[in-house]
Amino acid sequence: MSVLHIVNKSPFERNSLDACLRLAQADSAILLIEDGIYAAQQGTAVSDRVAAAMAKYQIYALSPDLQARGISEDRLIDGIKTVDYDGFVQLACDFDKSQSWL
Amino acid sequence: MALEHGGKTYETDEEGYLVNLSDWSEDLANEMAKADGAALGENHWEVINFLRDYYEEYQIAPAVRVLTKAVGKKLGKDKGTSKYLYELFPYGPAKQACKYAGLPKPTGCV
Amino acid sequence: MASKRFLYMNRKAPHGSVYALESLEVVLIGAAFEQDVSLAFVDDGVYQLLLNQDTAALGSKNFSPTFKALGDYDISKIYVEAESLEARGLTRDDLMPLTWEDEDDDWAEKDSIHIVSSEALAEIIEQQDVLLNF
């Protein structure tokens with residue numbers, strides 16, 4: 001377990017998620033926070049890519065950011081796990097370092 | 001703050017660095033040195049001119065470590081030592097020489 | 001103190017926001033700590049290294065010549081992602097030549113810029129101790 005990749009930008013506005021998916025090695029984890037959580041939904045222009053990436057990475061979404069934006073968990077792509085702030089801290093501890101794709 | 005010289009006023013920051021690079025002249029450099037109780041000789045000018053050239057090329061004032069190495073390469077090994085540069089500019093070679101050279105304080109210099 | 005591996009990740013174009021200049025300043029300040037520093041340029045970050053930038057008409061500081069001083073600061077590992085260059089129709093020839101002098105090799109001048117694939121860059125990211133993003 002080495003790098004926790006964090007994406008906080010909407011995939012429809014910025015290319016942060018693209019950069020992350022291009023440059024994260026297999027066995028990394030990706031945590032979607034803030035506007036990054038929009039990438040976690042089913043049925044969007046990026047959901048196929050996100051679903052395909054799940055073969056390589058465990059993907060998490062931050063639940064307070066989902067709730068704030070009215071995205072309920074049943075609309076998430078299968079296999080995406082949600083974490084709360086404690087879970088965020090735990091992830092940050094579990095990995096050697098984090099990479100924030102601004 | 002400001003520096004008065006030859007009937008003109010030049011704007012400086014709170015530490016006496018010129019705000020406008022284009023205000024600089026050799027005369028003004030001598031004036032700033034005089035205010036610090038220093039007199040600029042040939043060896044000082046070598047370093048001051050070196051700094052001005054460096055700034056012109058790279059748009060930064062180099063850190064002391066970089067200045068020392070570069071001076072040694074350009075002006076001779078015996079001059080590329082912090083002892084030599086501190087003797088010329090006892091308030092710190094990068095800091096003091098940059099002031100006389102009309103450059104901003106070196107990046108990272110506190 | 002053992003030195004750590006620092007990677008500065010640059011993904012923003014140079015003059016439309018303050019990220020590029022801020023990154024460069026942090027790199028220069030951080031160089032005083034003599035750590036093992038690498039720079040990566042990805043996405044619009046590759047535009048920071050383009051030749052012939054001239055901000056005179058903008059009235060803002062042109063910091064692009066400062067990249068050429070990085071060699072003096074012992075920064076010799078500048079990675080540019082090939083895919084980002086290609087997506088923007090750029091090649092190595094569009095970038096400023098950046099070099100450093102190798103003290104252990106009779107001060108031979110060497111290229112600092114390394115054009116690397118996404119895959120190679122992913123590996124470089126993995127090897128770092130500290131990742132700083134701009």
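Throughout, a chain's letter reflects where its sequence line sits, starting with A, and its residues are numbered from 1.
No more than 12 heavy atoms of other residues, nucleotides or ligands lie within 6.0 Å of NZ in B/K73, so this atom counts as exposed by the packing criterion. Residue C/K61 qualifies as enclosed at atom NZ: its count of foreign heavy atoms under 6.0 Å is above 12.
B/E57 has its side chain out of reach of C/K68: every pair of non-hydrogen atoms, C-beta onward, lies at least 4.5 Å apart.
A distance of 5.0 Å separates CG of C/D72 from OH of B/Y58, quoted to the nearest 0.5 Å. Remark: B/I60 CD1 to C/Y73 OH distance equals 4.0 Å, nearest 0.5 Å.
Nearest heavy-atom pair across C/E34 and B/R65 is OE2-CD, 3.5 Å. Heavy atoms only, all atoms of each residue included: C/N62 and B/Q59 are closest at O-CG, 3.5 Å.
Note on C/D74 versus B/K69: salt bridge recorded, some NZ/NE/NH1/NH2 to OD/OE distance being below 4.0 Å.
For C/E103, no part lies under 4.5 angstrom from a heavy atom of chain B.
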